[in-house]
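Atoms considered below: every heavy atom in the structure, side chains included; atoms not considered: hydrogens, waters and symmetry mates. Treat the numbers as computed from the prediction; the structure is a model and nothing was measured.
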Amino acid sequence: MQQDTLHLVCPACLAINRLPAARLGAGARCGKCHQPLFTGQPVAMDGRAFDKHLRHNDIPLLIDFWAPWCGPCRMMGPAFAAAAGQLEPHFRLGKVNTEEEQAVAARLGIRSIPTMI
């Protein structure tokens, strides 16, 4: 059974928005900052943003854990970005830089990159 109202975290200001499920693909904007809730690109997330998206989004979340020095991560980046354009608004795709967010990677037991969960 599909929910009538979905909670979505704004990628720009992290406000939690309520959106009728029927309007999910209708170019929704954040009620607080008025930025688009979906941009067709993966959302860069720090630890705070990752936790907020994980806890408050009612759509599935797919996260790429990567590092700028990782060759396979850089090779996969364009395909992951293209996937965001195809899967939004039914999925939220995000990227967590494991060099900058080592605590998030450690908490999840990520020992190799790229890792998608």
Side-chain angles (χ1 to χ4, degrees):
M1 179 179 197
Q2 187 175 3
Q3 293 176 298
D4 292 333
T5 303
L6 299 172
H7 292 95
L8 299 169
V9 177
C10 175
C13 72
L14 301 180
I16 302 168
N17 292 266
R18 288 184 311 179
L19 182 70
R23 289 196 49 229
L24 186 59
R29 293 188 170 272
C30 176
K32 183 176 179 183
C33 73
H34 308 290
Q35 295 298 312
L37 291 176
F38 296 100
T39 63
Q41 294 293 316
V43 177
M45 296 181 183
D46 61 11
R48 180 174 171 253
F50 172 76
D51 289 339
K52 193 143 191 187
H53 281 272
L54 183 64
R55 291 187 181 124
H56 298 289
N57 267 333
D58 286 336
I59 58 174
L61 185 61
L62 177 61
I63 303 294
D64 174 20
F65 289 88
W66 71 289
W69 53 263
C70 171
C73 297
R74 289 194 318 265
M75 288 176 55
M76 190 188 68
F80 193 74
Q86 294 175 2
L87 296 174
E88 283 188 353
H90 301 287
F91 287 82
R92 169 74 73 206
L93 276 69
K95 294 181 77 73
V96 173
N97 182 335
T98 58
E99 288 292 302
E100 295 173 358
E101 300 300 329
Q102 293 178 10
V104 175
R107 187 176 72 204
L108 297 171
I110 295 171
R111 297 179 188 260
S112 64
I113 52 174
T115 295
M116 286 189 276
I117 58 171

(request) Indicate yes or no: at least one non-hydrogen side-chain atom of His56 is less than 4.5 angstrom from one of His7. (result) no
(message) Whether the side chain of Asn57 engages the backbone of Ile59 through a donor-acceptor N/O pair (distance < 3.5 Å, no angle test) should be reported.
(response) no
(message) Could you report the tightest heavy-atom contact between Cys10 and His53, atom names first, then the distance?
(response) O-NE2, 4.3 Å
(request) For Lys52 and Leu14, indicate whether the former's side chain and the latter's backbone hold a donor-acceptor pair under 3.5 Å. (result) yes
(message) I need the Ile16 CD1 to Leu8 CG distance, nearest 0.5 Å.
(response) 10.5 Å
(request) Could you tell me which non-hydrogen atom of Ala84 sits nearest to which non-hydrogen atom of Leu93, and how far apart they are? (result) N-CD2, 3.6 Å
(request) For the pair Gln41 (side chain) and Gly85 (backbone), establish whether a donor and an acceptor sit closer than 3.5 Å, ignoring hydrogens and angles. (result) no
(message) Using only atom types and a distance under 3.5 Å, with no angle test, would you say the side chain of Thr98 pairs donor to acceptor with the backbone of Trp66?
(response) yes
(message) Rounded at 0.5 Å granularity, tell me how far SG in Cys30 sits from CD in Gln35.
(response) 8.0 Å
(request) Please report the shortest heavy-atom distance between Phe80 and Leu62, naming the atom on each side. (result) CZ-O, 3.8 Å
(request) State whether the number of non-hydrogen atoms from other residues, nucleotides or ligands found under 6.0 Å of Arg55 atom CZ is greater than 12. (result) no
(request) State, yes or no, whether a side-chain contact exists between Leu24 and Leu6 at a heavy-atom distance under 4.5 Å. (result) yes
(message) I'd like to check Asp4 versus Pro20 (side-chain heavy atoms, cut-off strictly below 4.5 Å). Are they in contact?
(response) no
(request) Would you confirm whether Arg92, through its side chain, and Val9, through its main-chain N or O, come within 3.5 Å as a donor-acceptor pair? (result) yes
(message) Ignoring hydrogens, what is the shortest heavy-atom contact between Asp64 and Met116? Give both atom names and the distance.
(response) CA-CG, 4.0 Å
(request) Starting from the C-alpha separation in whole Å, work towards a yes-or-no answer on salt bridge (charged side-chain N to carboxylate O under 4.0 Å, His left out) for Arg18 and Asp58. (result) CA-CA 10 Å; Arg18 288 184 311 179; Asp58 286 336; over 6 Å; no
(request) Considering non-hydrogen atoms only, spot the tightest contact between Gly31 and His34 and give its length. (result) O-CE1, 3.7 Å
(message) Set out, in order, the CA-CA distance, both residues' side-chain angles and the distance that settles side chain to side chain contact (heavy atoms under 4.5 Å, CB included) for Asn97 and Gln102, then state yes or no.
(response) CA-CA 8 Å; Asn97 182 335; Gln102 293 178 10; over 6 Å; no
(message) Apply the hydrophobic cluster definition, ILVMFWY joined by side-chain contacts under 4.5 Å directly or through others, and give me every member besides Leu54.
(response) Val43, Met45, Phe50, Leu61, Ile63, Phe65, Trp69, Val96, Val104, Leu108, Ile110, Ile113, Ile117
(request) Identify the heavy atoms of Gly47 and Glu101 that sit nearest to each other, and give their distance. (result) N-OE1, 3.0 Å
